[in-house]
Amino acid sequence: MFNKKGADSNTYNVDNIEFIKKASHKVGELIEKEYLRQKNNVELIASENYCSEAVLAACGSCLSWKYAEGYPYVRTSGNTGRYYGGTEFVDLLEEYACDKWREVFKTDYHVNVQPHSGSQANFSGYKALLNPGDTILSLTLDNGGHLTHGSSVNFSGKLYDMHFYDVDDRGFIDMEDVRNKAHDIKPKLIMTGASAYSRIIDFEAFAEIANEVGAYFMVDMAHIAGLVAAGEHPSPFGLADIITTTTHKTLRGPRGGLIFSKPEFAKKVDSAVFPYAQGGPLEHVIAGKAVCAEEACSDDYKKYIHQVVVNCKAFADEFLKLGYKIVTGGTDNHLFMLDLSEFNFSGKDLQEKLDENGITLNKNCIPCDKKSPKETSGVRIGTAPMTTRGYVEEDFREVARRIDSIIKAMK
Ligand code: PLP
């Protein structure tokens with residue numbers, strides 16, 4: 001890994017790249033270029049992070065060679081539920097990963113560690129509770145939701161009858177609107193969670209509303225899972241029927257997904273992952289997820305997440321001091337949305353200009369955006385990756401001032 005100034009702390013990745021170059025010069029060269037881009041740039045993409053080299057090594061291990069369709073659960077069923085021989089070690093590994101993830105979130109929920117991604121976790125989560133055509137009440141993409149929360153171009157918008165709750169004038173989730181629409185529509189499932197929402201989500205209020213109308217309650221905590229694990233965001237455990245997450249954002253693990261469920265939905269969740277949505281599990285990634293879970297149980301990780309949140313507040317505060325508008329006026333978590341609607345350039349223009357200046361972030365729609373998702377009137381800014389590299393408040397304040405001077409030169 002490299003530190004905040006891009007200096008290597010050891011040479012693990014570099015050695016690996018030389019090894020790959022011997023097999024394919026082209027691939028090795030492109031990985032090297034990407035490695036240098038990541039090392040030299042200021043990474044502000046809110047959904048990214050740098051996992052540890054132990055996680056990377058587990059993902060690059062011999063487990064990549066193993067087929068293990070099915071589930072282990074040796075302890076609970078007494079038998080391996082796999083469709084292949086030679087699974088005695090991956091069985092133990094997968095059960096260990098499940099135990100560790102329950103420890104991270106201090107829960108007795110069932111956990112399935114096999115989803116290849118967050119989208120697949122959501123696909124299987126819906127499948128476990130719903131039939132095609134059933135009604136879901138959710139948050140739209142431009143208000144901060146994810147594609148899998150009902151976008152018309154995604155399976156969710158095509159398979160289910162989607163309805164959406166709104167954010168209020170300031171950009172906060174409007175709980176009155178959630179309640180009114182839930183009573184009107186009587187959805188089979190209420191979904192919450194977001195990709196671009198900077199405030200605490202009131203899981204208790206959502207659960208109460210779901211209860212009032214007899215709906216299932218599902219939470220996609222992909223972005224904030226690290227904050228939930230570290231106690232920096234209220235937990236949905238004990239409230240939601242199904243909870244999904246990715247492992248590669250604030251959790252700082254390998255690219256992948258997890259599904260947690262109340263025990264009564266365990267069988268439905270498992271069969272919605274395998275054999276419904278997926279074939280063989282990626283045991284090498286499950287090993288990476290297990291290492292990540294151990295790291296997430298540590299005090300160092302809790303300190304890291306606290307710093308992510310403190311950094312984010314300082315970063316947003318500096319933009320406010322410089323006269324910028326931020327959706328909801330601030331942040332409670334690891335990200336915030338800069339509102340560029342009063343400027344004569346788009347989120348896309350700013351993203352490209354910052355790319356030229358070694359700062360990486362992404363364009364993002366803001367509530368009631370008049371521009372298309374390809375242009376946008378906002379950018380999303382996150383502090384998780386650079387906090388991993390050692391940034392503290394003053395570093396982020398300095399980046400805000402750099403971005404401000406780049407914007408001033410654009411006008
Ligand atoms: N859910 C949320 C809230 C997300 O922000 C994302 C990705 O950014 C996903 C699900 C999907 O994750 P993946 O890209 O692993 O499919």
Side-chain angles (χ1 to χ4, degrees), residues 43-49 51 55 59 112-128 136 138-151 153-157 160 162 164-165 167 173 189-201 203 206 217-229 233 236 240 242-260 272-273 277-278 281-282 285-286 288-289 292 308 327 331-337 360-366 373 376 378-385:
E43 294 285 344
L44 301 178
I45 293 182
S47 50
E48 291 187 3
N49 213 329
C51 66
V55 169
C59 292
N112 185 311
V113 294
Q114 293 191 2
H116 299 336
S117 71
S119 298
Q120 277 165 268
N122 284 341
F123 181 80
S124 298
Y126 293 142
K127 162 68 185 162
I136 301 178
S138 176
L139 185 66
T140 53
L141 195 62
D142 53 345
N143 280 342
H146 185 254
L147 277 169
T148 54
H149 300 180
S151 161
V153 296
N154 182 260
F155 77 86
S156 51
Y160 301 105
M162 298 302 312
F164 300 98
Y165 49 85
V167 292
I173 291 176
L189 183 143
I190 298 179
M191 172 69 155
T192 195
S195 300
Y197 186 70
S198 62
R199 295 299 185 171
I200 299 284
I201 300 178
F203 295 133
F206 269 102
F217 178 35
M218 181 162 156
V219 170
D220 174 354
M221 61 172 186
H223 262 268
I224 52 167
L227 280 70
V228 171
H233 189 289
I242 287 189
I243 301 164
T244 58
T245 184
T246 53
T247 42
H248 47 270
K249 299 185 175 80
T250 49
L251 281 174
R252 207 163 57 174
R255 195 157 288 280
L258 304 171
I259 306 184
F260 296 87
V273 176
Q278 297 183 178
L282 309 178
V285 179
I286 289 173
K289 288 173 181 170
C292 163
V308 166
V327 177
T331 176
D332 299 324
N333 60 24
H334 64 298
L335 66 82
F336 59 91
M337 310 284 299
T360 314
L361 47 63
N362 66 286
K363 59 180 182 262
N364 217 105
C365 284
I366 54 169
T376 81
V379 291
R380 187 181 64 161
I381 299 181
T383 52

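When a ligand or atom number is given, it counts from 1 through the structure's own listing order. Reckoned from all heavy atoms, side chains included, excluding hydrogens, waters and symmetry mates.
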For H223, the ligand 1 atoms whose distance to one of its heavy atoms is below 4.0 Å: 5 (O)
Any donor-acceptor N/O pair, S124 side chain to A272 backbone, under 3.5 Å: yes
Backbone or side-chain N or O of T148 under 3.5 Å from ligand 1 N or O: no
Contact (N/O only, under 3.5 Å) between S47 and ligand 1: no
Sidechain-backbone polar pair: K249 side chain, I224 backbone, donor-acceptor under 3.5 Å: no
Ligand-residue contact atoms, ligand 1 with S117, heavy atoms, under 4.0 Å: 15 (O), 16 (O)
Distance-only N or O hit between ligand 1 and G256, under 3.5 Å: no
Donor-acceptor side-chain pairing of Q114 and Q278 below 3.5 angstrom: no
Sub-4.0 Å atoms of ligand 1 with respect to non-hydrogen atoms of T246: 12 (O), 15 (O)
Shortest non-hydrogen contact between G253 and V55, atoms and distance: C-CG1, 4.1 Å
Aromatic ring proximity H233/F203, centre distance under 6.0 Å: yes
Proximal ligand 1 atoms for H248, defined as those under 4.0 Å from one of its heavy atoms: 15 (O)
Distance from atom 13 (P) of ligand 1 to nearest protein heavy atom, with residue and atom: G118 N, 3.6 Å
Aromatic centroids of F206 and Y165 separated by under 6.0 Å: yes
Validation row: D220, N122 side chains within 4.5 angstrom (heavy atoms): yes
N/O donor-acceptor pair under 3.5 Å between Y126 side chain and A121 backbone: no
Geometric N/O contact D220 with ligand 1, under 3.5 angstrom: yes
A194 neighbourhood, listing ligand 1 atoms whose heavy-atom distance to it stays under 4.0 Å: 3 (C)
Any K249 heavy atom less than 4.0 Å to ligand 1: yes
Check: S195 N/O within less than 3.5 Å of ligand 1 N/O: yes
Taking atom 16 (O) of ligand 1 as the reference point, the nearest protein heavy atom with its distance: S119 OG, 2.7 Å
Worked verdict on S195 versus R380 for side chain to side chain donor-acceptor pair (under 3.5 Å): CA-CA 9 Å; S195 300; R380 187 181 64 161; 5.1 Å; no
